[in-house]
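Inspection log for the structure reproduced underneath, given as structure tokens.
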Amino acid sequence: WHRQEKRHHDDRLCFGCRTRTRAGPARGHPPSVLAALSPDLDDHPVRLAQCLALDAGQWRGQRVAPTPGRDHGGRPDREPVADLVHHAGDLLVFCAAFATGAVMTRVRDAWADGAPHFSAPFVARPVATTLLTLGLALAGVLAYFQLPVAPLPQVEFPTISVQANLPGASPETMAATVATPLERALGTIAGVNELTSYSSLGSTRVTLQFDLSRDINGAARDVQAAINASRALLPTGMPSNPSYRKVNPADAPILILALTSKNLSRGQLYDVASTLLSQRLSQVEGVGQVTIGGGALPAVRIEIDPTKLASQGLSLENVRTAVAATNANRPKGQVEDAQRSWQIGANDQASRADDYTPLVLRYRDGRAVRLGDVAQVSDSVQDVRNYGVANGEPAILILLNKQPDANVIETVARVRALMPVLQAGIPAAVDMQVVSDRTLTIRASLGEIQKSLAISVGLVIVVVGLF
């Protein structure tokens, strides 16, 4: 079986006919293809779609034309080379490849003309574009884990609080003898925007607020120097020098710990908190102040009966002098002879109520008047009006405040990581637990933000993939 084609007067080939000429498309085109296609498919997307949608079955049965005979005007005696357009299985591949090549050609032409589009270099270099996209995605992932977390923008002013105590002094006395000298010395520090003082019974607090540009560590050194300079002007009866903390008194505690025990008293719990835990927690990075509440240090309380005291011809000053003189830890000296020497050692410092009860105040009519005769002595705490409760049990509370420039999330995380070490260093009868954490709401909000970001990224990927 073979097929013959004849050349007509208009120099066109008629596919599928023998001796009869019929009207049809231009030469070289099957009946179902448009007679004239644009030389650039990228300029005519409709034509490109028509090419892609062409029914592959229309090309089946087509063969390469045989070699022309002698009657064909001297055409070369050669058979045409098989082309992809004659094979239905390769039609779609050919159209897609042709379209891609046309786009790349136009991009290169536009680049050569001197007026490239913004996306032209990215389309012309797909490998570089892919690597750049992956690099940007990786940079975004790394930057996400470096983002700071805080409840509000970091606009806190550097603030330092100075605390001074004088037991028994009235607020007026504290303001005149303690607060005034401190204010004069602290007011000379450079960069102070605001200085306020608050005086109460036996206590004074001076708060300094600095410029935002002032480093809080450098300001703390200046505050310590000012405190040392004002020490000569402060009362001599102060139990300790004024101290400072890098904390804003108006801020709420970021973490509250509670110490409870079924065997130890509140005074003993307070002693554990002040001697074992307070110093270690103050060393944590970001912690500005550690405050212990809900109790006081152990102490011996002497409740004097004024009637009995007057009947013995004594005054309160006589009792105070006798207690202070007897409860002194001083060297006792030594005893020696020509050959030997003995060092005298005695512990005359009382620590319990039983040690104070037999204390002699004076001798009257040949009889010793002891402290137990005019007063009631008991083991107690320094301040009986402080009381703390946690979960219905008596407890000592430890309040932690952060520094103005510290991150609340990171600071609380450091403290929680240190808690197992602290628990191992205190008596086994003491239970330490967290009763308040200010970061719970912040972490919940952070979780919602992370969920929203994940949903947004997913929606962007889906939309870009679809359209």
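All residue numbers refer to positions in the sequence shown, counting from 1.
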Report the distance from atom [atom1] of [X] to atom [atom2] of [Y], rounding to the nearest 0.5 Å.
| X | Y | atom1 | atom2 | answer |
| --- | --- | --- | --- | --- |
| Leu208 | Ile189 | CG | CD1 | 6.0 Å |
| Asp211 | Glu194 | CG | CD | 12.0 Å |
| Gln279 | Gln283 | CD | CD | 8.0 Å |
| Leu371 | Asp355 | CG | CG | 12.0 Å |
| Leu281 | Leu399 | CG | CG | 11.5 Å |
| Ser261 | Met432 | OG | CE | 13.5 Å |

Please set out all donor-acceptor pairs under 3.5 angstrom arising from side-chain atoms of residues 127-140, sequence neighbours excluded.
{"residue": "Thr129", "atom": "OG1", "partner": "Phe122", "partner atom": "O", "Å": "2.8"}
{"residue": "Thr129", "atom": "OG1", "partner": "Arg125", "partner atom": "O", "Å": "2.8"}
{"residue": "Thr130", "atom": "OG1", "partner": "Pro126", "partner atom": "O", "Å": "2.9"}
{"residue": "Thr133", "atom": "OG1", "partner": "Thr129", "partner atom": "O", "Å": "2.9"}

Exercise for the section: Under the side-chain hydrogen bond (donor to acceptor under 3.5 Å, both in side chains) rule, collect the residues that match up with Ser197, sequence neighbours excluded. Expected result: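 So Ser197 forms a side-chain hydrogen bond (donor to acceptor under 3.5 Å, both in side chains) with Glu183.
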Give the minimum heavy-atom separation between [X] and [Y], together with the two atoms involved.
| X | Y | result |
| --- | --- | --- |
| Thr260 | Ala395 | CG2-CB, 3.5 Å |
| Leu309 | Ser315 | CD2-C, 3.7 Å |
| Ala185 | Ser230 | CB-CB, 3.8 Å |
| Val408 | Ile442 | CG1-CD1, 3.9 Å |
| Phe210 | Val192 | CE2-CG2, 3.5 Å |
| Gln312 | Arg364 | CA-NH1, 3.1 Å |

For residues [X] and [Y], determine if any side-chain heavy atom of one lies less than 4.5 Å from a side-chain heavy atom of the other.
| X | Y | result |
| --- | --- | --- |
| Thr411 | Leu400 | no |
| Thr439 | Ile254 | no |
| Asp337 | Trp342 | yes |
| Val434 | Leu257 | yes |
| Pro235 | Val178 | yes |
| Asn391 | Gln433 | yes |
| Asn217 | Lys246 | yes |
| Gln450 | Leu446 | yes |

Practice task
Answer yes if the side chains of Asn318 and Thr321 hold a donor-acceptor pair under 3.5 Å, and no otherwise.
Solution key: no
Practice task
Sort and list the pairs that fulfil side-chain hydrogen bond (donor to acceptor under 3.5 Å, both in side chains) and have at least one residue in residues 415-432, not counting sequence neighbours.
Solution key: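 Applying side-chain hydrogen bond (donor to acceptor under 3.5 Å, both in side chains) to every pair that reaches into residues 415-432, excluding sequence neighbours, yields Arg416-Asp437.
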Problem - Stepwise side chain to side chain contact (heavy atoms under 4.5 Å, CB included) test for Gln163 and Ser203 - result: CA-CA 7 Å; Gln163 187 78 21; Ser203 177; 2.6 Å; yes
Exercise for the section: Assess whether side chain to side chain contact (heavy atoms under 4.5 Å, CB included) is satisfied between Leu212 and Phe157, documenting all intermediate values. Expected result: CA-CA 5 Å; Leu212 281 173; Phe157 287 88; 3.7 Å; yes
[X] side chain to [Y] main-chain N or O, any donor-acceptor pair under 3.5 Å?
| X | Y | value |
| --- | --- | --- |
| Asp379 | Ala353 | yes |
| Arg205 | Tyr198 | no |
| Thr180 | Ala175 | yes |

Review item, side-chain donor-acceptor pairs of residues 219-227, under 3.5 Å, at least two apart:
{"residue": "Asp222", "atom": "OD2", "partner": "Arg214", "partner atom": "NH2", "Å": "2.3"}
{"residue": "Gln224", "atom": "NE2", "partner": "Asn228", "partner atom": "OD1", "Å": "3.0"}

Handout entry: Arg184 atom CZ: more than 12 heavy-atom contacts under 6.0 Å
Key =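 No.
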Practice task
Show your reasoning for whether side chain to side chain contact (heavy atoms under 4.5 Å, CB included) applies to Leu234 and Arg231.
Solution key: CA-CA 5 Å; Leu234 298 175; Arg231 188 63 183 90; 3.7 Å; yes
Report, one line per pair, each donor and acceptor closer than 3.5 Å where one atom sits in a side chain of residues 291-308; sequence neighbours left out.
{"residue": "Arg301", "atom": "NH1", "partner": "Val381", "partner atom": "O", "Å": "3.3"}
{"residue": "Arg301", "atom": "NH1", "partner": "Gln382", "partner atom": "O", "Å": "3.4"}
{"residue": "Asp305", "atom": "OD1", "partner": "Thr307", "partner atom": "N", "Å": "3.2"}

Handout entry: Pairing residues for Thr188 by the side chain to side chain contact (heavy atoms under 4.5 Å, CB included) criterion, not counting sequence neighbours
Key =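 Residues passing side chain to side chain contact (heavy atoms under 4.5 Å, CB included) with Thr188: none at all.
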Problem - Pair Ile409-Arg443, side chain to side chain contact (heavy atoms under 4.5 Å, CB included): steps then yes or no - result: CA-CA 8 Å; Ile409 299 291; Arg443 295 179 187 275; 3.9 Å; yes
